[in-house]
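Counting begins at 1 with the first residue of the sequence. In what follows, every heavy atom counts, from backbone to side chain, and hydrogens, waters and symmetry copies are set aside.
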Amino acid sequence: MINSSLLIKEVGWLQQAYRVFVISQWAVCNQLIGCLQTAHFFYAVKVLNLLGESN
């Protein structure tokens, strides 16, 4: 017979680790999206400026 309280602790630890992993992945993803949006914004401004100068 396996120790059920030990098993519950193990499962709880795994869930905790998984949660931390998911949150950290989400944070990295959000940072990347933020960087991309900023880059796109500056690129769009640059293109608009170039178009404005060429007219």
Next on the checklist: Can you tell me how far apart CD (Glu10) and OG (Ser5) are? Round to the nearest 0.5 Å.
Outcome noted: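 So the gap between those two atoms works out to 11.5 Å.
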Next on the checklist: Using a 4.5 Å cut-off between side-chain heavy atoms of Ile, Leu, Val, Met, Phe, Trp and Tyr, which other residues end up in the same hydrophobic cluster as Trp13?
Outcome noted: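 Under the 4.5 Å side-chain rule, Trp13 groups with Leu14.
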Checklist entry - In chain order, what residues pass the side-chain contact (heavy atoms from CB on, under 4.5 Å) check against Val47, with sequence neighbours excluded? => result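 So Val47 forms a side-chain contact (heavy atoms from CB on, under 4.5 Å) with Tyr43, Leu51.
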Item to check | Sequence neighbours excluded, every pair satisfying side-chain hydrogen bond (donor to acceptor under 3.5 Å, both in side chains) that has a member inside residues 19-40 | outcome: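 Every pair satisfying side-chain hydrogen bond (donor to acceptor under 3.5 Å, both in side chains) with a residue in residues 19-40: Gln16-Arg19.
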